Amino acid sequence: MAKLAKLDDIVSLCKRRGFIFQSSEIYGGLASCYDYGPLGVELKNNVRKAWWKAVVQMRDDVVGLDCSILMHPLVWKASGHADKFADLICECKKCNTRTRVDHLKDKAEEGAAAQEHIEHVDIEKEVAAQHDLSNKVCPDCGKVGNFTEPMPFKLMFETQMGANVDDSMTLFLRPETAQGIFANFRNVLDTTRVKIPFGIAQIGKSFRNEVTTKAFIFRTREFEQAELEFFCEPGTDDEWFEHWKEQRFNWYLNLGIKKENLRFREHDADELAHYAKGCVDVEYKFPFGSGDWQELEGIANRTDYDLRQHQRGMRTLNAWFEAKGDLAKIELKAEAEEYLKGPLSYFDDVEKKRYIPYVIEPSAGIDRSTLAFLVDAYDEEEVRGEKRNLLRFHPALAPTKVAVFPLVRKDGMPEIARNIYNDLKEHFTTFYDEKGAVGRRYRRQDEAGTPFCITVDGQTLEDKTVTVRERDSMEQVRVATDKLPGHLREKLV
RNA sequence: GCGGGUGUAGCUCAGUGGUAGAGCGUCACGUUGCCAACGUGAAUGUCGUGGGUUCAAGUCCCAUCACCCGCUCCA
């Protein structure tokens, strides 16, 4: 039975073994930013690789992409982020609690049913609009009508392109990787001979100025996403939605996440983004908050919304030039009447029809998954009265696959072990260690999550076999040295 | 952003206004013949940061940064 890890245990293990460090630690740290250490970068790379392999390489119907983080500002006008990716917040003057303006209740409504989920507001309009808060109740202290003026919270990071201050353009760090895929939909269609249904996948950094960050690397302002936009014919979208739900859930299970810690959560209709037809979260039972379920990945049916929006965006280019690049001064142009035949439409050669594809989007957080894999693998057990800490990583995720030891440092054992190490590191991420007692070396590898330890002993000198010790069971088998790569490859699939 | 808590060695933590500590870990040498063994020795501290009070501050005061818990918020 695995021990329930506390977040503090995980944080301290991550530091101790070099998985994750606070960013800029020598300067006192920078809020919500983290660095991956030597073991952490291997782990995170393996999470990426596992996703890429499952979503791109093992499929005939998905191709990859890697877009720039900085994109044309109109991308965010079209996607809606520039207008809507912001919240209007006011603060209670009595207790300083901050609340979204659209979440405040009238005094008369107090105790009424839970509020509806409302999309991010159109910030320019909302700021201009008059808000009568005189009858609103502070959800915290109950004080009525005692609020500061509403203030907008922008959730996108802004930066300037161009070294010349007078001639620079305000750009946004992307708040999601998805839009780069939509913006390249045409390029991929024109260059790769893909046919619908097909998907485009991308892994990369995204940035959001979250109002609050949370729980170690769970919610950070800079984070890594793995997103797939799967394009399909309208009418087949429900089917594909179910397909990807299953695929993505099983991905976590196949990589060793315990079933009891993983679940789906369907979004209620009033919780859905306005463009989404359906959305389900894959949730993991993290050991923080109130031991609560937290989102690892969202799988959404985005319909034809994004491609249609970008067709509108493309039509807005002139207006943008005329407004000298001021996004706030322009409206997205209305959709063309013939939008179904627009530049981002798809022509089906067999059916001889043209349409805007629907999109199923599984969007996973790589940092979140990495944390979930760490938490789920964490275990403590008692062996001969001693505590054994270990990470029961799936072999595909383990930062180091194999460690090689000489049992003792004499009789030529180190030389043989080194030769084995040099041979194996061509095939696997391998680690060599000859310091201290062999038991200690085993335990060090346990805490790094290394699945196999190979030990050269006295018998090796006689018959060229070594012991292969398995992390979880601590059991050993003897294997001929020349059979090692094959033996390990079979176990490490 | 609010409330509560924390911050001293890589980790876990002691530390009463008066010399900076322990356990584990790390390193070196020896020993060792399969699960954190033993011996000897060693290194590692902006006591989160900056001010202040004091003859003297890790300890008291103020500010600030970061993390954790709970709110709030959350594609």
Side-chain angles (χ1 to χ4, degrees), chain A residues 6-9 11-18 21-34 37 79-81 84-85 87 89-92 94-100 103 117 119-120 138-141 148 151 153 155-156 175-178 206 208-216 218-219 221 223 225 227 267 271-273 275-276 279 281 288-291 294-295 297-298 300 302 361 363 365 383-390 405-411 413 435-447 453 455-459 466-467 469 471 474-476:
Chain A
K6 291 218 164 46
L7 189 59
D8 279 338
D9 298 333
V11 173
S12 121
L13 173 111
C14 284
K15 175 75 190 290
R16 190 169 69 240
R17 304 305 308 207
F21 308 125
Q22 173 88 58
S23 165
S24 315
E25 199 183 65
I26 60 169
Y27 290 103
L30 180 64
S32 132
C33 295
Y34 293 90
S79 72
H81 290 90
K84 294 181 177 127
F85 214 56
D87 290 321
I89 284 183
C90 66
E91 192 170 308
C92 173
K94 186 185 168 203
C95 67
N96 294 325
T97 297
R98 289 183 169 186
T99 314
R100 270 172 66 168
H103 278 194
H117 177 86
E119 266 298 298
H120 290 296
C138 172
D140 196 51
C141 68
T148 60
M151 48 196 161
F153 270 65
L155 299 186
M156 280 200 293
E176 62 176 27
T177 60
S206 293
R208 293 181 195 178
N209 241 329
E210 300 286 355
V211 177
T212 40
T213 55
K214 186 174 171 177
F216 200 36
F218 181 77
R219 178 176 303 120
R221 295 195 171 99
F223 59 102
Q225 289 185 306
E227 293 193 302
H267 284 217
E271 193 185 354
L272 288 176
Y275 52 79
C279 188
D281 287 346
F288 50 77
S290 36
Q294 305 281 349
E295 177 186 351
E297 167 162 356
R302 293 179 78 128
E361 177 196 75
S363 169
V383 179
R384 287 166 225 202
E386 294 275 358
K387 195 173 88 170
R388 183 169 88 113
N389 279 341
L390 71 160
F405 314 141
L407 183 58
V408 286
R409 269 197 294 172
K410 59 183 191 186
D411 300 340
M413 291 183 204
K435 305 287 172 60
V438 75
R440 175 184 299 270
R441 285 177 258 156
Y442 285 143
R443 295 305 167 83
R444 270 200 284 250
Q445 293 308 314
D446 288 341
E447 212 177 20
C453 294
T455 302
V456 170
D457 59 11
Q459 200 178 324
V466 293
T467 63
R469 177 256 198 195
R471 176 193 65 208
M474 298 193 290
E475 277 167 13
Q476 292 175 295

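Residue numbering restarts at 1 for every chain, and letters A, B, ... go by the order of the sequence lines. The structure displayed is predicted, hence computed values, not measured ones.
- At U31(B), none of the side-chain N or O atoms of Lys410(A) fall inside 4.0 Å of OP1 or OP2 (strictly under the cut-off).
- Here Glu25(A) lies out of heavy-atom contact (under 4.0 Å) with every strand.
- Checking the phosphate oxygens (OP1, OP2) of C34(B), no side-chain nitrogen or oxygen of Arg469(A) falls inside 4.0 Å.
- Nucleic acid contact class of Asp411(A) (heavy atoms, under 4.0 Å, all strands): base.
- If you check every strand for non-hydrogen atoms under 4.0 Å, Arg441(A) touches nothing.
- Counting non-hydrogen atoms under 4.0 angstrom, Thr467(A) reaches a base of the nucleic acid.
- At the heavy-atom level, Ser23(A) lies nowhere under 4.0 Å from the strands shown.
- Not one side-chain nitrogen or oxygen of Arg443(A) sits closer than 4.0 Å to the OP1 or OP2 atom of C34(B).
- Separating the P atom of C11(B) from that of U26(B) is a span of 14 Å, rounded to the nearest Å.
- Comparing C34(B) with U46(B), their P atoms sit 42 Å apart, to the nearest whole Å.
- Using a 4.0 Å heavy-atom criterion, one finds that Ala437(A) contacts the bases of the nucleic acid, with or without backbone contacts as well.
- As judged by a 4.0 angstrom heavy-atom cut-off over every strand, Leu390(A) is placed among residues making no nucleic acid contact.
- The residue Arg388(A) sits apart from the nucleic acid: no heavy atom pair falls under 4.0 Å.
- Residue contacts shown for Thr455(A) include a base, since a base heavy atom lies under 4.0 Å away.
- Judged by distance alone with a 3.5 Å cut-off, no donor-acceptor contact links the side chain of Tyr27(A) to the base of C65(B).
- Side-chain N/O atoms of Asp8(A) and base N/O atoms of C68(B) include no donor-acceptor pair closer than 3.5 Å.
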